[in-house]
Amino acid sequence: MSKKILVTGGSGYIGSHTVVELQQSGFEVVVIDNLSNSTARIIDQIGRITGKKPRFYEMDLCNEAALRVFFRENQDLAAIIHFAAFKAVSESVENPLKYYHNNLVSLIFLLRFMEGFQIPNLVFSSSCTVYGQPETLPVTEQAPVKQAFSPYGNTKQISEEIIEDSVKASPVNAISLRYFNPIGAHESGLIGELPIGIPNNLVPFITQTAIGKREKLMVFGDDYDTPDGTAIRDYIHVVDLAKAHVVAVERLLRNENEHNFEVFNLGTGKGTSVMEAILAFEKVTGMKLNYEITGRRMGDVPQVWADTTMANLKLGWKAQKGLEEMMTSAWLWEKNLAAGILES
Ligand code: WQD
């Protein structure tokens with residue numbers, strides 16, 4: 001009998017890739033998503049990749065009554081992987097209460113129902129944004145969590161605190177995974193990042209520029225104290241990231257966790273500048289990208305990349321895919337989107 005996992009936000013970018021990896025690892029998956037930042041077509045696409053569409057509930061985690069009905073129907077959950085949250089940094093600055101309400105109320109409801117229905121394991125989607133600009137690089141899980149740069153980042157910090165405090169007072173065990181910069185798409189080209197409107201993030205903006213949806217990429221600053229002057233990030237292939245979630249949930253299911261609240265950085269351990277990312281894209285596509293160097297973006301940290309020793313040692317997980325494969329997969333997905341893959 002396959003163990004059953006709830007993936008909240010499972011039609012989203014990282015969630016959908018994680019559903020694929022969970023199913024291909026033998027788990028039964030159910031998905032909750034309110035489709036505020038995704039489309040149900042992605043659920044169909046998951047079915048095309050794995051041969052099995054996950055049971056999908058279109059609902060909002062802030063709807064306590066609907067959530068109670070869901071948990072009554074799914075009392076056999078072995079674990080929850082919680083992705084569902086708003087995540088646009090700039091939007092969170094313009095509308096902080098929307099972010100605090102959605103991201104925190106949904107988490108609190110989930111945790112209360114986990115206790116009520118004795119669901120023992122939680123994997124939480126966190127972010128390197130909790131570190132701000134670290135004092136030392138690469139950044140480890142022991143680095144001080146700093147004043148968040150945005151309400152979005154603050155909801156991740158507060159969420160980790162809520163989880164840590166609540167698992168101390170309950171039989172729930174939790175792992176928080178701090179992502180660095182997820183990019184790329186599934187090799188099938190059937191699922192990928194679906195930015196709604198103008199992308200905030202670098203790689204979807206690169207691929208939309210290359211496909212002709214955007215006139216040019218603005219490179220936000222080349223006057224940082226870095227080798228080529230552009231900001232540095234730790235870009236990680238979304239499939240490597242998805243696989244880490246399977247490993248994390250298996251750690252909890254086997255009771256191998258050493259504490260009831262554990263935190264792991266998920267990156268490659270390698271810093272890549274904006275210019276290096278652009279050059280990698282140009283190399284794998286043979287295209288010349290239209291970009292212009294402009295001023296720095298408010299709130300950007302100059303450079304951050306992960307120390308992944310803990311994930312390597314404790315989870316036995318290490319990112320496998322390189323920058324060129326990330327760019328190749330992102331480009332295939334952009335071309336498929338332009339060809340109407342989600343319309344057919
Ligand atoms: C990467 C680099 C930009 C766009 C954000 C969130 C983080 C996580 C990942 C959710 C930076 C530069 C970007 C562009 C550019 N999200 N850039 N031109 O800001 O590192 O992280 O997304 O969890 O929480 O903060 O990612 O892709 O926006 O930027 O020059 O049009 O690309 O300045 O140096 P970021 P990003």
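What you are looking at is a predicted structure, and each value in this text was computed from that prediction instead of being measured. First listed ligand is number 1; within each ligand, the first listed atom is number 1. Along the sequence shown, residues are numbered consecutively beginning with 1.
The aromatic rings of Trp331 and Phe281 lie perpendicular to each other, with more than 60° between the two planes, well past the 30° mark. A perpendicular orientation is assigned to the rings of His17 and Tyr13, their planes being inclined by more than 60° (bins at 30° and 60°).
Hydrophobic cluster membership of Tyr99, counting Ile, Leu, Val, Met, Phe, Trp and Tyr whose side-chain heavy atoms lie under 4.5 Å apart directly or via other members: Phe86, Val89, Tyr152.
Classification of Glu256 and Arg251 as a salt-bridged pair fails, no side-chain N sitting under 4.0 Å from a carboxylate O. Asp76 and Lys4 are joined by a salt bridge, as a carboxylate oxygen and a charged side-chain nitrogen come within less than 4.0 angstrom of each other. Electrostatic pairing of Glu135 and Lys146 counts as a salt bridge here, judged by a charged N lying under 4.0 Å from a carboxylate O.
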Between ligand 1 and the protein, which N/O pairs are shorter than 3.5 Å?
{"unit_1": "ligand 1", "atom_1": "18 (N)", "unit_2": "Met218", "atom_2": "O", "d": "2.7"}
{"unit_1": "ligand 1", "atom_1": "19 (O)", "unit_2": "Arg297", "atom_2": "NH2", "d": "2.9"}
{"unit_1": "ligand 1", "atom_1": "20 (O)", "unit_2": "Asn181", "atom_2": "ND2", "d": "3.0"}
{"unit_1": "ligand 1", "atom_1": "20 (O)", "unit_2": "Arg233", "atom_2": "NE", "d": "2.6"}
{"unit_1": "ligand 1", "atom_1": "22 (O)", "unit_2": "Asn201", "atom_2": "ND2", "d": "3.0"}
{"unit_1": "ligand 1", "atom_1": "23 (O)", "unit_2": "Tyr152", "atom_2": "OH", "d": "2.5"}
{"unit_1": "ligand 1", "atom_1": "24 (O)", "unit_2": "Ser127", "atom_2": "OG", "d": "3.2"}
{"unit_1": "ligand 1", "atom_1": "26 (O)", "unit_2": "Asn181", "atom_2": "ND2", "d": "3.1"}
{"unit_1": "ligand 1", "atom_1": "27 (O)", "unit_2": "Asn201", "atom_2": "ND2", "d": "3.3"}
{"unit_1": "ligand 1", "atom_1": "27 (O)", "unit_2": "Leu202", "atom_2": "N", "d": "2.8"}
{"unit_1": "ligand 1", "atom_1": "28 (O)", "unit_2": "Asn200", "atom_2": "O", "d": "3.4"}
{"unit_1": "ligand 1", "atom_1": "28 (O)", "unit_2": "Asn201", "atom_2": "ND2", "d": "3.1"}
{"unit_1": "ligand 1", "atom_1": "28 (O)", "unit_2": "Arg297", "atom_2": "NH1", "d": "3.3"}
{"unit_1": "ligand 1", "atom_1": "28 (O)", "unit_2": "Arg297", "atom_2": "NH2", "d": "2.9"}
{"unit_1": "ligand 1", "atom_1": "29 (O)", "unit_2": "Arg297", "atom_2": "NH2", "d": "3.3"}
{"unit_1": "ligand 1", "atom_1": "30 (O)", "unit_2": "Met218", "atom_2": "O", "d": "3.4"}
{"unit_1": "ligand 1", "atom_1": "30 (O)", "unit_2": "Phe220", "atom_2": "N", "d": "2.9"}
{"unit_1": "ligand 1", "atom_1": "33 (O)", "unit_2": "Asp300", "atom_2": "OD2", "d": "2.5"}

